[in-house]
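Let me begin by presenting the structure, written as structure tokens, before commenting on it.
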Amino acid sequence: MLTIQAIKVEKERVIKGLVKRGWSDEQLKIVGKVIELDDARRRTQTELDQLLSEINSISKEIGSLFKSGKADEANALKRKVADIKATSGELETRQKDLKREIESQLLNIPNVPHESVPKGSSEDDNEVYQSWSGDLPQLDASAQPHWDLARKYNLIDFELGTKITGSGFPLYRGQGARLQRALIGFFLDEAAAAGYEEIIPPLLVNESTARATGQLPDKEGQMYYMEKDDLYLIPTAEVPVTNIYRDVIISENDFPIKLTGHTPCFRREAGSYGSDVKGLNRVHQFDKIEIVQIAHPDKSYEVLMEMIAHVEGLLKKLELPYRILRLCSGDLGFTSALTYDFEVYSAAQKKWLEVSSVSNFETFQSNRLKLRYKDGQGKKRLAHTLNGSALALARIVASLLENNQTPEGIKIPEVLTSYTRFDLIK
RNA sequence: GGAGGAGUGGCAGAGCGGUUGAAUGCACUGGUCUUGAAAACCAGCAUACUCGAGAGGGUAUCGGGGGUUCGAAUCCCUCCUCCUCCGCCA
């Protein structure tokens, strides 16, 4: 959520950003409206404060009148207070309504895209920031997609997952489970080596938490919800991990804060269908290692590049063909200022699969989180938050299986063999 | 799940209807003293909103929300969290 202060001070920049995101003149009216609402809020505040101040001083007077036995005068003042209270009560209601209205309007305004974000209307306009320079793996006609390979080598049982839970909940077994665990260990070790502190967070979060990172109210339908306990299953480790710093004021020399966590991620993915959801391409439960950084505003774009280099390093070590996209304004997430997506080539499907998304949210998230730091002057300022997948497992598994299939079996990248304890799936 | 108890400033801990935004101690910051440090002494030290060019003023906040009252940290209701005992349990 943008701050109302930022919208007022940087109105032109905000409007430019929204136009880049494709907002119409009609939609842009919300910016002026929210500023007007805030002006009204402040006027009401001033008026209300004056009345409350009056009530407070009269109350003190009443107290001393009672003490000195002047009950009549005191009672007269009581009636006066009652009159003022009628007005102040109205103002209070108006004030609450205004605040609620401002809040709900602000929730509809997305983050301002970074200037480097290319203008565009859909994913087709995303900029290939770094293309794959080598040859893409060419498989012969007998090559199989990962869901067939998974069955052939008894790695993943989609039917059993469906039996136990429902579609989109794969069951990994044998070497498939082992490969999964190897990847988790590898990614966590790499993150630790890069200075990230490992976190194992709760997988269920409360409403405040989901609200603070922006899953609520924007993506309510995307999360599994436990009605009885009023809790949500996390769609990503970002949610609990970033919320460690909700309502926290850190000191300037605590930067940078680097956290990582492996969790299963649960997504309802309502409305998805077709080849997109085939096999591991889109599932309701998958494992992901997330990296999160909390950065000084002056440093956050450096940090973003550092995180991209980290993800890139993982893909290189896994020997997977990948490319990096810079998301265009039309495909950029609501909360993000700049996002780079990583896609891995899945040779049998002949498809690029998204395996990571690395974003700088600037202060958009920290505003809701109330995550601040004290600067040199002791002033509190909002910190910048960033996160990225490093990496999302299911699709990595899919492309590993497809790209590394050979007549003898599926080759395991060297970097993983110390984790899997086998170098060939057969 | 049942029965009790408790939630006050960075921490500890008073206050239990009326100049209490909140005693006191510790911590912290500045100063005096000292060759330096410690000790001692003096002063300062919450957050948010708001008015004001500024100085400074106002309002709200004693776990969250609501209520009683002219007036609430103090009384009532409700929710949350923590502690103790019992039960259940990986």
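As the structure is a computational prediction, the values presented were derived from the model and not from experiment. Proteins get letters first, then strands, A, B, ... in listed order; numbering begins at 1 in each.
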message: Going by the rule salt bridge (Lys or Arg N to Asp or Glu O under 4.0 Å), which residues pair with D97(A) if we only count those two or more places apart in sequence or in a different chain?
response: R100(A)
task: Could you measure between the two P atoms, the one in rG67(B) and the one in rA72(B), and give it in whole Å?
output: 12 Å
- prompt: If you measure from the C1' atom in rC11(B) to the same atom in rC45(B), how many Å do you get, rounded?
  reply: 14 Å
- prompt: Can you tell me how far P in rG18(B) sits from the matching atom in rA22(B), rounded to whole Å?
  reply: 16 Å
field: Inter-nucleotide P distance (rA39(B), rG58(B)), Å rounded
entry: 38 Å
query: When every nucleotide of nucleotides 48-54 of chain B is labelled 5' to 3' by its protein contacts under 4.0 Å (heavy atoms), B for base, S for sugar-phosphate only, - for none, what sequence of letters results?
result: SSSS---
field: Qualifying ring-ring contact (aromatic ring centres under 6.0 Å, His included) pairs with a residue from residues 155-183 of chain A, counting only residues at least two apart or across chains
entry: F169(A)-H284(A)
Under 3.5 Å between N/O atoms: give me all the protein pairs with nucleotides 79-82 of chain B, atom names plus distance.
none

- prompt: Does rA53(B) pair with anything, Watson-Crick or G-U wobble, both distances under 3.5 Å, and if so, with which nucleotide?
  reply: none
Crowding at CG, D25(A) (>12 non-hydrogen neighbours, <6.0 Å): no
message: Measure NZ/K374(A) against P/rA46(B) and give the value in whole Å, please.
response: 10 Å
- line: Residue pairs meeting ring-ring contact (aromatic ring centres under 6.0 Å, His included), one or both in residues 77-116 of chain A, sequence neighbours left out, come to H114(A)-Y301(A)
Rounded distance in Å between the P positions of rG2(B) and rG13(B): 30 Å
field: Separation between the C1' atoms of rC51(B) and rU32(B), rounded to whole Å
entry: 39 Å
All side-chain hydrogen bond (donor to acceptor under 3.5 Å, both in side chains) counterparts of S300(A), not counting sequence neighbours: N360(A), H384(A)
- prompt: Picking from L371(A), T242(A), I294(A), L386(A), what satisfies side-chain contact (heavy atoms from CB on, under 4.5 Å) with Q365(A)?
  reply: T242(A)
query: Reckon K96(A) has a side-chain N or O less than 4.0 Å from the OP1 or OP2 of rG66(B)?
result: yes
message: Could you tell me the Watson-Crick or G-U partner of rA72(B), where both distances fall under 3.5 Å? Say none if there is no partner.
response: none
message: With rounding to the closest Å, how many angstrom separate the C1' atoms on rA38(B) and rG56(B)?
response: 39 Å
- prompt: Take atom NZ in K119(A); do more than 12 heavy atoms of anything else shown fall under 6.0 Å from it?
  reply: yes
Can you give each donor-acceptor pair under 3.5 Å made by side-chain atoms of residues 88-96 of chain A, sequence neighbours left out, with the distance rounded to 0.1 Å?
from: S88(A); atom 1: OG; to: K85(A); atom 2: O; distance (Å): 3.1
from: T93(A); atom 1: OG1; to: G89(A); atom 2: O; distance (Å): 2.9

query: Taking the same atom, C1', in rG15(B) and in rG87(B), what whole-Å distance lies between them?
result: 39 Å
message: Please report the distance, rounded to the nearest Å, between CG in L65(A) and C1' in rU19(B).
response: 14 Å
- prompt: For rG44(B), which nucleotide is its Watson-Crick or G-U wobble mate, given both distances must be under 3.5 Å?
  reply: rC28(B)
message: Let's test this: given Watson-Crick or G-U wobble pairing with both distances under 3.5 Å, identify the partner of rG17(B).
response: none
task: Could you list all the side chain to side chain donor-acceptor pair (under 3.5 Å) pairs where at least one residue sits in residues 411-426 of chain A, not counting sequence neighbours?
output: D189(A)-Y419(A)
field: Pairs meeting criterion side chain to side chain donor-acceptor pair (under 3.5 Å) with involvement of residues 150-162 of chain A, two or more places apart
entry: R151(A)-E159(A)
message: With side chain to side chain donor-acceptor pair (under 3.5 Å) as the rule and sequence neighbours excluded, what pairs involving residues 28-41 of chain A come up?
response: K8(A)-D38(A), E26(A)-K29(A), D38(A)-R41(A), D39(A)-R42(A)
field: Pair Q50(A)-E54(A), side-chain donor/acceptor within less than 3.5 Å
entry: no
message: Under a 3.5 Å cut-off for both contacts, is rA38(B) paired Watson-Crick or G-U wobble with anything, and if yes, with which nucleotide?
response: none
task: Could you please name the partner base of rC89(B), counting Watson-Crick and G-U wobble pairs only when both distances are under 3.5 Å?
output: none
message: How would you summarise protein contacts on nucleotides 67-75 of chain B per nucleotide, using B for base, S for sugar-phosphate only and - for none, with heavy-atom distances below 4.0 Å?
response: ---BS----
task: Both distances under 3.5 Å, Watson-Crick or G-U wobble: report the partner of rG7(B), or none.
output: rC80(B)
task: Write out all pairs satisfying ring-ring contact (aromatic ring centres under 6.0 Å, His included) with one or both partners inside residues 200-229 of chain A, taking only residues at least two apart or from two chains.
output: Y225(A)-Y232(A)
